[in-house]
Every structure is written in C-alpha cells, then in structure tokens.
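The shown structure was predicted, so the numbers you read here are calculated from the model rather than taken from an experiment.
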Amino acid sequence: MEEYTREPCPFRIIDDCGGAFSMGCIGGAVFQSIKGFRNAPSGFNRRLVGSLTAIKQRSPIIAGNFAVWGGVFSMIDCTLIHFRKKEDPWNSIISGAATGGILAARNGVPAMAGSALIGGVLLALIEGVGIMVTRMSAETFSPDAQVQVQDDSGGPLGAFGRPNAYQ
C-alpha cells in the first residue's frame, strides 16, 4: 500500500490555501444557490436568476474567507513543524486554536478566546477521528484478525470452502 506524503512546507501553504478556496467556492455556491432561490420573488425563472445572482455576489467572498483560514492554518502548522521538529496531531490542534484566535482578533479578547477554543476543539475532534479510523483499519488488516474457518470434520477449509488437504 502506498503511503501518502505531504509536500514540503512552502508549497504546502499554497496547496492548502488553494484547496480551501476551492472548498469555499463549491460550498458557497451550493448554499448561496439555495438561499438565493428561497429569497427570490415567485416564479421559477425569477428564482433561478435570484439563485445565480446570490452565487455571483457571495460565493467568491466565502471562498476568500476559506482561503485565508487555510493559509493562516498552514503557516502556523509549518512554523510548528519547523520549531518542534516533529509532525504530529498536536501541531494541527495548536494551529486550529491559533488560527481561530488570530482571525477573531478584531473582535476583542473574549471573541479571540472563544474562537481559539472552538478551533482547538474542532481540530482535536478531527484528529481524534482520523487516529481512530487509522487504528481500526490497521486492526482489520493485521495478521491476528484473520479468522480460520473450519469444516464439519474440524479441519480448516481451503480455497472455495473445500477441506484443506495439505495440513
């Protein structure tokens, strides 16, 4: 099985920023199309025009906000990797908390603390689920997890459910 390795840090920042922009653009288009459709005057054509207008007006703004979040997160993550000399889930958790705090700095210290707490908790949940899925999939493919199936005579079954003659 091929192991996925991430790009080095300067390119990782650009990659994450672009990926976040794409997610924001697609997600923003979906949500703004629904919002524009619901808030438009009655009539199907008017609703479609309202939907497209909302997408054109708001989707780039949402995508830009996502890109800023992704860029700041990646910069902090790369900085932590450089200074700590290791790449582990703590980097992502700290990066999420710091990003939430930095992006809420204009709203005051209480908002910064709340956003940092939420960012850290969300990233901890994401990392925890990732670790859990990795462990569960590793247990599935471990040699201990293979089960021996036996026939009626008590011997192990070979290919196609036939008794294994080479025992």
Side-chain angles (χ1 to χ4, degrees), residues 1-140:
M1 191 162 151
E2 202 172 300
E3 187 176 325
Y4 174 73
T5 57
R6 295 185 68 186
E7 298 172 356
C9 267
F11 302 107
R12 182 185 302 187
I13 296 169
I14 296 167
D15 187 41
D16 288 349
C17 192
F21 181 85
S22 299
M23 282 194 309
C25 198
I26 293 168
V30 169
F31 285 109
Q32 292 303 316
S33 67
I34 294 168
K35 183 179 175 184
F37 191 84
R38 290 181 66 195
N39 292 334
S42 62
F44 188 72
N45 287 337
R46 290 181 182 160
R47 290 189 184 267
L48 284 180
V49 170
S51 178
L52 290 174
T53 303
I55 291 171
K56 288 191 292 186
Q57 288 177 349
R58 293 291 303 160
S59 185
I61 296 168
I62 294 169
N65 291 340
F66 269 71
V68 168
W69 196 95
V72 171
F73 177 85
S74 291
M75 283 189 278
I76 295 170
D77 194 35
C78 286
T79 303
L80 288 171
I81 291 170
H82 175 73
F83 284 121
R84 292 184 70 223
K85 303 285 190 235
K86 62 171 111 170
E87 195 166 346
D88 59 358
W90 285 108
N91 289 345
S92 295
I93 295 168
I94 295 168
S95 298
T99 300
I102 289 170
L103 294 179
R106 295 174 64 184
N107 298 327
V109 175
M112 281 179 66
S115 293
L117 180 68
I118 289 171
V121 168
L122 283 176
L123 265 296
L125 288 172
I126 291 169
E127 289 293 328
V129 168
I131 291 169
M132 184 179 68
V133 167
T134 302
R135 285 190 181 168
M136 287 175 54
S137 64
E139 289 173 4
T140 303

**OP:** Look up atom CE in Met112 and atom CG in Leu103, then write down how far apart they are to the nearest 0.5 Å.
**Re:** 10.0 Å

Subject >> Non-hydrogen atoms of Gly70 and Ala20 that approach each other most closely >> reply: CA-CB, 4.1 Å

Original post:
Rounded to the nearest 0.5 Å, what separation is found between the CD1 atom of Ile62 and the CZ atom of Phe21?
Top reply: 11.0 Å

Subject >> Listed once per pair and sorted, the salt bridge (Lys or Arg N to Asp or Glu O under 4.0 Å) pairs that draw on residues 41-62, sequence neighbours left out >> reply: none

Original post:
Got a sec, which pairs hit ring-ring contact (aromatic ring centres under 6.0 Å, His included) with one end in residues 22-60, sequence neighbours left out?
Top reply: none

Subject >> Residue pairs fulfilling disulfide (SG to SG under 2.5 Å) with at least one residue in residues 16-63, sequence neighbours excluded >> reply: none

Subject >> Nearest non-hydrogen partners of Ser59 and Ala29, listed with the distance >> reply: OG-N, 3.4 Å

Subject >> Val133 vs Val129, side-chain contact (heavy atoms from CB on, under 4.5 Å): CA-CA, chis, key distance, verdict >> reply: CA-CA 6 Å; Val133 167; Val129 168; 4.3 Å; yes

Subject >> Partners meeting side-chain contact (heavy atoms from CB on, under 4.5 Å) with Pro89 (sequence neighbours left out) >> reply: Glu127, Ile131

Original post:
With sequence neighbours left out, which residue pairs that include part of residues 71-116 fulfil the ring-ring contact (aromatic ring centres under 6.0 Å, His included) condition?
Top reply: Trp69-Phe73

Subject >> salt bridge (Lys or Arg N to Asp or Glu O under 4.0 Å): pairs with one or both residues in residues 80-108, sequence neighbours excluded >> reply: Arg12-Glu87, Arg84-Asp88

Original post:
Nearest 0.5 Å, what's the CD1-CG distance between Ile76 and Asn91?
Top reply: 11.5 Å

Original post:
Does the side chain of Ser95 reach to within under 4.5 Å of the side chain of Leu80, using non-hydrogen atoms?
Top reply: yes

Original post:
Does Cys78 have any disulfide bond (SG atoms under 2.5 Å apart) partners at least two apart in sequence or in another chain, and if so, which?
Top reply: Cys9

Subject >> Set of residues satisfying side-chain hydrogen bond (donor to acceptor under 3.5 Å, both in side chains) with respect to Ser74, sequence neighbours excluded >> reply: Asp16

**OP:** Any pair with a residue in residues 98-132 that passes disulfide (SG to SG under 2.5 Å), sequence neighbours left out, goes on the list, sorted by first then second residue, please.
**Re:** none

**OP:** Check Ala111 against Ala104 and note the closest heavy-atom contact, atom names and distance.
**Re:** O-CB, 3.8 Å

Subject >> Interatomic distance, Ser51 atom OG to Gln32 atom CD [nearest 0.5 angstrom] >> reply: 9.0 Å

Original post:
Does a side-chain heavy-atom distance below 4.5 Å link Thr99 with Leu123?
Top reply: no

Original post:
Who are the side-chain contact (heavy atoms from CB on, under 4.5 Å) partners of Ile34, not counting sequence neighbours?
Top reply: Val30, Arg38

**OP:** Please identify each residue that fulfils side-chain contact (heavy atoms from CB on, under 4.5 Å) with Val49, with sequence neighbours left out.
**Re:** Thr53

